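So the structure is just underneath, and the comments pick up after that.
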Amino acid sequence: METIYALAIGVLTGSGVWLLLRPRTFQVIVGLSLLSYAVNLFIFGMGRLLIGGAPIIETLSKADPALYDDPVPQALVLTAIVIGFATTALFLVVLLASRGLTGNDHVDGSGPEA
Amino acid sequence: MSLAWIVLLPFAGSLCAAFLPSHARNAAAGLVDVVAVICVILVVLHYPQMAAGEVVRQSLQWAPGLGLEITFRLDGFAWLFAMLVTVMGALVALYARYYMAPQDPVPRFFSFFLAFMGAMLGVVLSGNLIQLVMFWEMTSLTSFMLIAYWYHRDDARRGARMALTITAAGGLCLLAAVLILGHIAGSYDLDVVLRSGDLVRGHSWYLAVLVLIALGALTKSAQFPFHFWLPHAMAAPTPVSVYLHSATMVKAGVFLLVRLWPVLSGTEAWFWIIGSAGLCSLVLGAYAAVFQRDMKGVLAYSTISHLGLITLLLGLNSSLALIAAIFHIMNHATFKASLFMAAGMVDHETGTRDLSRLSGLRRAMPITATLAAVGAASMAGVPLFNGFLSKEMFFTETVFVSGNLVTRLGLPIMAVIWGTLSVAYSLRFILQVFFGPPTHDLPRQPHEPPRWMLFPSALLVASCLVVGVFPAETVGPYLDMAASSVMGENMPSHSLAVWHGLNLPLAMSLVAMVAGTVLYRALGKYQQGATVVPIINRFDGKHLFEFYLQKMDVFARRLLRWLSTERLQVQVLLLIGAVFASALIPLSSGGLPPGDKPVTPIEPAFALIWLVGAFCAVGAATQAKYHRLAALSLSGAAGLATCMTFVWFSAPDLALTQLIVEVVTLVLLLLGLRWLPRRYKSVDDNIVPLQARVRAQTRRLRDLGLAIIAGSGMAALSYSVLTRQAGEGISPFFIENSLSLAGGSNVVNVILVDFRGFDTMGEITVVGIVALTVFALLRRFRPAIESMGLPVQQREQNGETGVSPRDSHALLPEGPMMLPAVIVQLLLPVSGMVAMFFLLRGHNEPGGGFVAGLVVATAVILQYLVGGTAWAESRTRIYPHYWIATGLLCAVGAGVSAWAAGRPFLSAVAGDVKLPVIGAMHLSTVLLFDLGVFLLVVGAAVLILVALAHQSRRGHRRHGTGHIEAEGAISHAARTSATAVGAAVPDHTAAAPAPVPAAVMAHIPPAVPGATVPAMARPDKDS
C-alpha cells in the first residue's frame, strides 16, 4: 500500500508541476489543485498509514495512542483543504480579472505560445 | 528632576502640534515656546550640579539582554549645548510665528520643529552611543521634512533629498563607528567609552573608527568634501535655516567631535583627517561666500567656513584649541542666527534676497540694519564683538602650532586669508543691502518688521556685544565648566579678555581687516555680475551628486532587469528548481534507503482506485489547455481518489471535508469557465509559425523532464517516510487527553476547536478575508468583450423554447429546469438538517463546523445552478456578509467567555443545563466556537459562489441593453444609471468596444444579497 500511496503522490505532483509551468492561467489553476492533493496526501502520510484506526475514542480506557491514526496531520490537512478552497477562489477571480484587463489568458498578460 | 522629560517633552509637544487646525499660527508657535521655555527651565535647574562638576545620569531598561539601555547623561558640555538648543528653539519659534505666511499650514512646521528639538536634545543628552545614533538619524529625518516644508517647490524637494542622502549616509557610517567603538570599549555606555581613550587609540581598528566617525561628523557639519548640501538646504523656510542650519543641527557634527575628543584625539591621524577637512572648509567656504548673490547663500557658505574653523581647532590636538572651539560654537550660533533672521526679515519685507537687487534699505529698515550690522561685525571678527574673541584664540593657536615648516607657516597664512575673506563678505553683506542708494524696483515696499519679530534677533545681537565686551564675567564660568567636563583634570589655564596686549594674533587681525576692506573695494564691480564662484565652480558638488545618483539609479534598474524577471513561468521554474536543489543537498551524503517499518499488504481495490486516479491526474494535465471541462472533471476524479484514500486510512473527517470541498470547487471553477477565451487546437497550430512551435516543443520537453523529476522525487521521499517508524510527537497527548480533558471523542475536531482553537480562529479569519476580497474584486469585474454575450448553449436553449428561462417572478423557473428546481428547493431544508447533524455531533463523531458549513453552501449554490441566477437572487434569504460577521463574533465570543470564568482566552467552559422536554444537556463554549466556524464557512463559501454566479447576469444585461428586467435585488437608482449609460452609447459592440463596457459595468451592482446597493449606484464614479 505504501508503494501505491507514494506513487499516487508522485503522479499528482508530476501532473501538478507540469501544469504550473504552463502559460495559460486555467492550466495553472488546475495544476495548483492537483498539487494541493499531492501535498495534502503527503502531510497526511506523515502520520503513517493505518487502516481501521480513525481517531475517535469511545471510552477512556481505550485512549491508547497505538490504537489510532495520528490526529495532528489530519487536523492540519483539514484546515488546508478549506484554505485551499478559499485560495482557489481568490486565484480564479484574479485570473478572470486579468483576463478581462489584458484581453488574453496568459499568466503574464501576454507572451509566446507554449 | 528628570532628564528624560527634557527630551520627551518636545516629542509630546510635536504630537500635540500635529493635531492643531491648519491656520493656528499663534497656538502652534505658543505651544513651541511653552515647551522650549519649560525645557530651558529644566536645563537651568541642573546648573548647580554642573557647576560642581557632577555628571547627572538617568537610565531606563531597554534591551538588557543586549546590554542596551536608554541612558540620559548631562555634563557641563552637554548642559551648555542643551541651553543652546532650547534657548534658540524658543527664540526661533517666536521669530517663525511672524515669518510664516498665514496661508502656510503651520502645525506641520511646528510639529516637525518640535520633533527636531527633541531629537537634537536626545543627541546632546544621550549617555549611550547607539541611542545617540538613533537621535542623530532622527535629526536628519526631521531636517528633511523641514527643508521640504514647501514641497511644491522643486528646489526644496531636491535640497531636502540631497541633505537627507548625505547626512543619513553619514549617520550609517557613524553607526558602524559606534558599533566598533562599543566593541573595543566593551560597552556602549558613553562614560565607559570616554574612560577607554588609551585602549581605543592603541587598538588596531582605531583608524577605521576615526574615519567612520569623521564621515559621520563631517557630513552632518557640512564640511569639505560634503559641504555642498548646506547651500541647497537654504530652500527651507528661514527659521529652519536659523535653527537647524546655523545654530544647532550642523553643530551636531562638531558636538560629536568634542564629545569623543578624549577618546579619539591626540594622534597624527586625527590631526590630518579632522584638521585638513576643517582647513579646506574654512578657506573654500569663505572664498565661495564672497561670490554669492543670495543673502542666505552668503550665510550658508560662511557657516561652512565657520564650522571649518571649529573643526580645524578640534583637529589641532591642543586643549586651548578645544576651549576656543567650544567658545566659537556658542559665538557662531549667536551671530549667525541673528544674521539669518535679518536675511529672513529682508526677504519677508522686500520679497527678495538677491544682493544685486537690494540696496539702501537702512532708511526703510533702520533697526534691522543695525542688528544685521552688529551681527556681521561679529562674523567678520571686529574687536568688541564676541566673534573677535574666538577668532583671536584661533589665530593664537595657528601661531603656536607645532610641526614642520609647512604647517607652522601655512596655517597662520591660511588663517589670515580666511580672515580677509570673512571681512570682505561681511562688508558686502551689510553695505550692499543696507547702504548705498535706495532701490524702488523691489517686489514689496520695504518697512520695519513687527516688533516681536525683531526681538529674538535683538536679544542675540545684544548678547554678541555683552560677551564681546565682558567675556570673562559673562560666559567665562560656563565655558570653563563645559571644557573641564570634556577634558577632566587636564584643563589648562586660560584667560578670556578683550585685550591681550600687542601680539602677533592682533597684528594678523589688523592685516585681515585692512586686506578684507581692500578686497571688497577691488571686487566691487565684479561681484555685482558674478553668477558663479570663479575657479572652484567646476567642482560643483551638487552636479556630481546628482550625476552619481542618476548613475546609481540606472545601474540598479539594469541590475534588477538582469537579475529578476516579471514572467511567472520563469519564476515558477526557478522556484521548483530551487526546492529540488535544496531537497537534494541533505540527500547527497548517501541517499535515503527504505526504512524498517513493515509494509501494509497491497489491496487490489486500492490499487485500482489509484490506477484511475493517476490516469485522471495525467489526463487533467494534458487536457487543461484545449478541453477545460474535461480537465476539470478529470481533476475532480483525482480529488475523489484522494478522498477515498482518506477513508481508507482512517481519516473520516478529511474524507467528508474533501468530498464537499471537491463539489464546491468544481462548481466554482465551472462558474469561471464562461469568462475564459475559447481555444482550439487546430486554430493554434495554424497561426503559430513553425520556428515558434519548435521552441515551444523544446520548452515542453524541459518542463516534462522537470515534472517527472519532481514527481519521482516526491514519490521516493514519501515512500521512505512511510516505511519508517514515526518519531515521538505531540499526538499521544491529544489522544490521551481528548476525552478526559476536552470531553470529545473525535480527536481531530477536538484539536481544531479546543486544543488549537486559536489556530482555527486565525484560519477562519483568513477564509472570511478571502471571501470579502473575492467580492470586492468582482464588484469592478470587467469581462473580455467576446465573453459578454450569451453563451451559445443559452442562446440555443432560448431559441428552442421561445421563452427566457429567467422570468424571476415565476414561482418556479419555466422550461426544462422546472422539475429539478422543485427537487432542489426541497433539498434546502434537508441540507440544513444534515448540516445541523454534522455540526452537533462533530465533537464526538466525524463532522464539525467546516463540513456543516460547506453542506449548506452547496445547497444554496444548487438553487443558482438549477433555478438560474436571476430567479435565485430574486428570492434570496441569505446575507453572506452577516453570516461571516456573526461567525467571527461567535468564535471570538466563545473565546472571550472563558474570561468570565477567570480562565485564559479560548479555554472551554462547559456545564450541564436542564432544559424542559429535552432534559439534561451538556453544553460547552466549544460548541459556540464550532457554530462560529459553521456560520463563517457558510457565509464565505456562499459569498464567493454567489458573487461569481452573479457575473453571468452582468454579461447578459450587457448583451441585451434594451430590455432590463425588473429584478428585486437591484435598486431603482442603479437600474436607471445603467440604462442611462447604455442608452447614451447605443452601438457599442462593433465600433469602439473597449471603454464602453467598462463604463457600463461600473454601474451595474452585483446583486449579491445584502450588498449595499446605494453605494454602487453613484453614476459619477468611474464613468
Side-chain angles (χ1 to χ4, degrees), chain A residues 1-2 4 6-15 17-21 23-24 26-27 30 33-34 37 41-42 45 48-50 53-57 60 63 65 68-72 74-75 77-79 81-83 85-86 88-90 92-93 96-97 99-100 103 105 107-108 113-114, chain B residues 567-568 572 599-600 602 607 610 614 617-618 620-621 624 628 631 635 642 649-652 654 657-658 661 665 668 672 675-677 688 696 699 703 707-708 710-712 714-715 718-719 722-723 726 731-732 734-736 739 745-748 751-752 763 767 770 774 777 782-784 850 944:
Chain A
M1 296 295 261
E2 275 80 358
I4 299 171
L7 284 176
I9 292 178
V11 171
L12 287 172
T13 312
S15 316
V17 166
W18 158 262
L19 283 175
L20 277 196
L21 292 165
R24 300 293 148 200
F26 186 76
Q27 291 175 305
V30 174
S33 80
L34 289 179
Y37 297 146
L41 282 176
F42 184 76
R48 308 303 183 271
L49 305 181
L50 184 71
I56 292 166
I57 301 148
L60 264 181
Y68 303 101
D69 195 42
D70 192 341
V72 174
Q74 291 198 22
V77 172
L78 202 145
T79 52
I81 292 172
V82 179
I83 288 272
F85 163 69
T88 306
L90 189 60
L92 180 73
V93 172
L96 293 180
R99 150 90 176 116
D105 64 339
V107 284
D108 299 326
E113 302 286 317
Chain B
R567 296 187 46 213
L568 184 74
V572 173
V599 177
T600 335
I602 292 181
W610 272 110
V618 175
R628 298 198 185 108
S635 140
T642 311
F649 295 112
S650 333
L654 293 195
T657 316
Q658 175 80 51
V661 163
T665 311
L668 180 82
W675 305 105
L676 290 173
V688 180
R699 213 167 345 182
D703 293 349
I708 291 173
S712 31
M714 278 300 281
S718 315
Y719 184 74
L722 291 172
T723 50
S731 312
F734 294 122
I735 292 177
E736 280 156 13
L739 198 55
S745 317
N746 184 356
V747 187
V748 176
I751 291 176
L752 286 176
E763 195 215 345
V767 173
V770 167
V774 165
L777 280 172
R782 285 157 194 201
F850 282 115
I944 291 172

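Since this is a predicted model, take the numbers as computed values, not measurements. Per chain, numbering begins at 1; letters A, B, ... match sequence-line order.
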Check: So which part of B:L654 gets closer than 4.5 Å to some heavy atom of chain A, the side chain, the backbone, both or neither?
Finding: both
Next item on the list: Below 4.5 Å from any heavy atom of chain A, which atoms of B:I708 appear? Answer side chain, backbone, both or neither.
Entry: neither
Margin query: Heavy-atom pairs under 4.5 Å with chain A: which of B:S712, B:A651, B:A710 has the most?
Written below: B:A651
Check: Does any heavy atom of chain B fall under 4.5 Å from the side chain of A:T79, the backbone, both, or neither of them?
Finding: both
Item checked: Segment of B:F734 engaging chain A (4.5 angstrom heavy-atom cut-off) -> side chain
Notebook entry, point to check: So which part of A:I83 gets closer than 4.5 Å to some heavy atom of chain B, the side chain, the backbone, both or neither?
Noted result: both
Margin query: Please find the pair of heavy atoms, one from A:A86 and one from B:V770, that lie closest to each other, and give the distance.
Written below: O-CG1, 3.2 Å
Notebook entry, point to check: Roughly how far, to the nearest 0.5 Å, is the CD1 atom of A:I4 from the CD1 atom of A:I9?
Noted result: 12.5 Å
Notebook entry, point to check: With sequence neighbours left out, what residues match B:F649 under ring pair (Phe, Tyr, Trp, His ring centres under 6.0 Å)?
Noted result: A:Y5, B:F606
Check: Pick from B:L777, B:D703, B:I944: which one has the most heavy-atom pairs with chain A under 4.5 Å?
Finding: B:D703
Checklist line | Heavy-atom proximity to chain B below 4.5 Å, by part of A:L34 | finding: side chain
Check: Checking heavy atoms, do the side chain of A:L90, its backbone, both or neither come under 4.5 Å from chain B?
Finding: both
Notebook entry, point to check: So what's closer than 4.5 Å to chain A heavy atoms on B:L676: side chain, backbone, both or neither?
Noted result: both
Margin query: Rounded at 0.5 Å granularity, tell me how far OH in A:Y68 sits from OG in B:S731.
Written below: 14.0 Å
Check: To the nearest 0.5 Å, how far apart are CD1 in B:I751 and CG in B:N746?
Finding: 9.0 Å
